[in-house]
Structure formats: C-alpha cells, structure tokens
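Written out below as structure tokens is the structure these notes cover.
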2 protein chains.
Amino acid sequence: MKLKTMDISATASASSIVFDALRKAIIEGQLEEGEPLRQDEIARLFNTSRIPVREAISRLEEQGLVKTQRYKGAVVAGLSPKETAEIFDLRALVEPEIIRNAVPLMSSELLAEAREKCAAFSSATDPMTYGDLNRDFHETLYSASDLKFFQEIADNAIDRVERQIRAQLVMSNGMERAGREHFAILEACEKGDADLASRLTREHIQGAKASLLKHLPGA
Amino acid sequence: MKLKTMDISATASASSIVFDALRKAIIEGQLEEGEPLRQDEIARLFNTSRIPVREAISRLEEQGLVKTQRYKGAVVAGLSPKETAEIFDLRALVEPEIIRNAVPLMSSELLAEAREKCAAFSSATDPMTYGDLNRDFHETLYSASDLKFFQEIADNAIDRVERQIRAQLVMSNGMERAGREHFAILEACEKGDADLASRLTREHIQGAKASLLKHLPGA
DNA sequence: ATATTGAATATTGGATCCAATTTGGATTAT
DNA sequence: ATAATCCAAATTGGATCCAATATTCAATAT
C-alpha cells in the first residue's frame, strides 16, 4: 500500500529561525539603529547556543542589515540620508522593470488579491501596520513577475529602508497619497498597460524619496 | 611615552579567509557547478574547524553562489540559461547607471589607470586571465562612482555569471569585440560624455548576453 | 534477480568549552 | 584631582565534542 508523502519539513534550523526573527525586528524598528546585538543575550532569548546566532548575524551582515567589527560585535546598520537616497534611486530603477515584466503575467485572481490589499492599505487605521500593508500590496504585484533576481534586489532594498518607508507613511499626506498612487498603479495593471504601471511605480518611489528627504537633515 | 598606533588588523578572521577563497574558487570555475562543498574537507584544507567554514558557506549562500539543503550540505550554485539571461538584464540596467554617475567623477589619474587596464585586456594572451582583466577594467571605471549599493549589486551579479563571461570571452570574436567596446567606453569617459558611456556600457552587456545565449541550449 | 529492511558510515547542526581581544574600573604616580 | 597603568570582567572567534539526519551497502525475504 502506498501512502501519500507528507512534507514534514516544517522544522526549520535554529539559525534560520533566529535570522528571520532578527531581520523582522530590525526592519520593523524594534531594534534601533546602532543598537548592539549581543550573541549571548540573543542565544538566551531563543534557547540556543551562540553558534546559530552567529550564523544568523553573519547572514544579516551579508544583507547589509547589520554591521560587525571583529571582537566588538554587531550593531543594527543605519543609513545616512545620502545612502537612503541611493537605495530609493535603486528601487526607482529596478521596481518599474519588475512591474513592466509582471503586468502581462497577472492572472485575474492575482489582480483581485491585489485589489483587496490595495483596499486594506487605504482603509488602514493602525500606524503600526502601515508598513506591512504597503509592502503586502507591492509584493503581490511583483510576485507575478518571473524576474526572481530583480525581486531579490527589490526585497533587500526595501528591507534596508523599511524604517524610513514607515516614517514616510505616517507623515502628513503619506498614507493618503500612497493610497491614491497604489490605486492608479493597480488600475494600470488591470488595464494591462505595463508601460503606465511601470512609470507610475517609478514616480511612486521617486515621490516617496522626495517627501522623505525633505524631512531628513542635510540630504 | 606615546606610541603611534599601528594598524595590525592584517589578520583577518578565519571565516573571512575561507569565504574569500571559496568565492574566488567558485567564480573562477575551479569548483564546478553542482560540486558539493564538504565542511570537513574544507576545514582540513584551511587548518580550521568546521565552524568558520559553515559561516563562510552561509554567507556564500546569501550571495547566491551556493545552495544548501538541510543535513545534505552545500553545492556550488548553477544558473539556467533563463537565469543567466536575467542576470545580464539586471547588469544592463544597473551598470550603465553606475557609469553615468561615475564619468563626471573620474580623475585623470583614474582614467590613465583605466587606459592601462584596457590595453592590458586587449593584449592579453592567456585565456585564464581574460576574466580578471575584463573585470579589472570595468571595476576601475565603476570605482569612480559614489553609488556603493549599485556597485554591490553589480559586483554580485558579475560574480554569479563570471564563469559565463569567461566562456564568452574565449568564444570566437569574444576578446576582440570586448576589446573594441572597452576602448569605445573608455573614450566616452575621457570625453566626459556620460550618456554615451552609459549607452555603450548597456550595449556591451546586451551584446555579451546575446552572443552567450546563442551558444546555450534552449535559452 | 529484485525489492526491502536495517545497521554502519558519513555528514551536517548545535552545545559546550577554550583562546583572543576589548572594555571598564580600580590603583598608582604625578 | 588627573592622567596613566594594569587587572578583571565582558564579549567575540574558534575548537572539540555530541546529536540529528542522510546515505550506503550488506543481509534477507519474496
């Protein structure tokens, strides 16, 4: 008798669990810029030894989310205004291409899902969730593309400025304008107008960059 | 008495040494695609324990140069023709922007250095060094830009297709055409024509992609 | 002969211990 | 009191050992 094989691989390695948790805590701002990451302390929090913690930290450093100094340890990486601007420029270059590629590949189911996410963002009331809902909408559209490396780049770039994005969203008009722009991007996708969706995405990112830099010291 | 503090940090950590060595071996093709990386074996080669080896491998995986499976180990990552094409598209998007940004920042010293590298590439006779000399030329020009994140992206993208670049260079006309195109890019930089340098860089990459895909099965 | 079971081996993931380095405070000299 | 010095605590980097899992191959049943 044959049994259906069940995927029981739900158990992830300790280092991956620590990595995911630290990454989430960093991009959500629960760990502030410059805050040291003590291996011992983190190991105690997750009931592990420092080995998987070190592996997680080294992966986070490879992603640019932490900086480490030999024998001194790791701190949450911060960005200068100039660096922030560069990341937004990178996003403004890459993400329009992802959308352009994705539009012809969007199923009606995916568009329906994106419409829900778009509505959820526009009607959000809890500032703590602004960032997640914003990201949720964009990633839904991006997921239709088959450009996985482009998506990797975009994901990492967004990770690095997630804190600034959240700040921008709670600023005056941030949510309102983003909501409008999301809706326009969605409409372009529904019309199948890849060029327009691409252009609107670029302007969306450039606008966020501009409104953010206005409030940063000496951009 | 005060002593001048000397920077004695020449001693890198074991994990960094292993990381650099493995990365070099992978992109130069000394380790073939799919070849398993045995922690124990590597540890013996470097006279260390497996701990720094594991850290190095996890960093390499974060860069996409190896793939690991739980309890099965790491293998050198390969690229499908489609993935190779995507990486070249990414390069064709990012690197022209780096050059465009770099041109106004190029000192005459840097241009002189680039000219030397360009000549060295064109007069190269040992196929083993084609890849290094090619990269050397491009990185010299890119180094003038102040877009460090863009450069990170480009560096990693080039890493991932370094093997294919080397193959392309030894193909018929590969070196000859690359040499000509390098010279044209260099001339545009010397003239201070950022737009032209950018366009030539894009065409250089797109041309390499096209000539490469012609020789790949079912691109 | 072929497929299945099961034990021995190989390999990775993690815990514990030790070494190297930094950091901070007590001590001492001026 | 202040600055330099030195020692103890804290912290990271790495080695060794153990646990968990995968792989191989011989033994066995059909």
Side-chain angles (χ1 to χ4, degrees), chain A residues 1-23 25-26 31-32 34-63 65-77, chain B residues 1-23 25-26 31-32 34-63 65-77:
Chain A
M1 172 194 181
K2 285 239 171 176
L3 286 185
K4 237 187 168 177
T5 61
M6 184 155 72
D7 188 359
I8 215 150
S9 73
T11 51
S13 67
S15 67
S16 292
I17 292 173
V18 174
F19 173 80
D20 290 340
L22 286 180
R23 172 179 166 276
I26 290 172
L31 294 170
E32 288 180 26
E35 186 161 340
L37 301 176
R38 296 293 164 214
Q39 297 176 5
D40 217 6
E41 181 186 358
I42 296 167
R44 273 196 305 274
L45 284 174
F46 289 91
N47 280 317
T48 67
S49 76
R50 283 166 37 224
I51 300 290
V53 174
R54 281 172 49 184
E55 188 173 324
I57 288 177
S58 104
R59 286 167 62 189
L60 289 168
E61 176 165 36
E62 209 59 45
Q63 293 210 344
L65 294 178
V66 310
K67 284 181 302 189
T68 69
Q69 273 191 311
R70 193 166 154 81
Y71 293 117
K72 292 181 118 185
V75 297
V76 178
Chain B
M1 172 193 180
K2 282 239 173 181
L3 287 184
K4 235 186 170 179
T5 60
M6 184 156 71
D7 189 0
I8 212 153
S9 73
T11 52
S13 66
S15 66
S16 293
I17 293 173
V18 175
F19 173 81
D20 290 340
L22 286 180
R23 171 179 167 276
I26 290 172
L31 294 170
E32 288 180 25
E35 186 161 339
L37 302 176
R38 298 292 165 213
Q39 297 176 6
D40 216 8
E41 180 186 359
I42 297 167
R44 273 197 304 274
L45 282 175
F46 290 91
N47 280 319
T48 67
S49 75
R50 283 166 37 223
I51 299 292
V53 174
R54 281 172 47 185
E55 188 174 324
I57 288 177
S58 104
R59 286 167 64 189
L60 289 168
E61 176 166 36
E62 208 60 47
Q63 293 210 346
L65 294 179
V66 310
K67 284 181 302 189
T68 70
Q69 271 191 312
R70 191 165 157 83
Y71 292 118
K72 290 182 116 186
V75 298
V76 177

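Quick note on labels: first sequence line is chain A, next is B, and so on, each numbered from 1.
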>> My understanding is that only residues two or more places apart in sequence, or in another chain, count here; which of them pass side-chain contact (heavy atoms from CB on, under 4.5 Å) with B:Glu32?
In response: B:Glu35
> Taking only residues two or more places apart in sequence or in another chain, which ones pass side-chain contact (heavy atoms from CB on, under 4.5 Å) with B:Arg70?
Replying inline: A:Ser13
> Got a sec, which residues hit side chain to side chain donor-acceptor pair (under 3.5 Å) with A:Glu61, two or more places apart in sequence or on another chain?
Replying inline: A:Thr68
> Got a sec, which residues hit side chain to side chain donor-acceptor pair (under 3.5 Å) with B:Gln63, two or more places apart in sequence or on another chain?
Replying inline: A:Glu62
Show which side-chain atoms of residues 50-57 of chain B pair as donor or acceptor with protein atoms under 3.5 Å away, not counting sequence neighbours.
from	atom 1	to	atom 2	distance (Å)
B:Arg50	NE	B:Gln39	OE1	3.0
B:Arg50	NH2	B:Gln39	OE1	3.3
B:Glu55	OE2	B:Ser15	OG	3.4

>> Going by the rule side chain to side chain donor-acceptor pair (under 3.5 Å), which residues pair with B:Thr48 if we only count those two or more places apart in sequence or in a different chain?
In response: none
> Going 5' to 3' along DNA chain C, which nucleotides are the first and last within contact of chain B (any atom under 4.0 Å from a heavy atom)?
Replying inline: C:dT11 to C:dA15
>> How long is the straight-line distance from CG of A:Leu65 back to CZ of A:Arg23, given to the nearest 0.5 Å?
In response: 7.5 Å
> Does some side-chain heavy atom of A:Arg59 sit less than 4.5 Å from a side-chain heavy atom of A:Ser16?
Replying inline: yes
Protein-nucleic acid N or O pairs under 3.5 Å, nucleotides 20-22 of chain D:
none

> For A:Arg44, what residues pass the salt bridge (Lys or Arg N to Asp or Glu O under 4.0 Å) criterion, not counting sequence neighbours?
Replying inline: A:Asp40
> Of the residues in residues 41-58 of chain B, which ones touch DNA chain C at a heavy-atom distance under 4.0 Å?
Replying inline: B:Arg50, B:Ile51, B:Arg54
>> Restricting to side-chain contact (heavy atoms from CB on, under 4.5 Å), what partner residues turn up for B:Ala21, sequence neighbours left out?
In response: B:Phe46
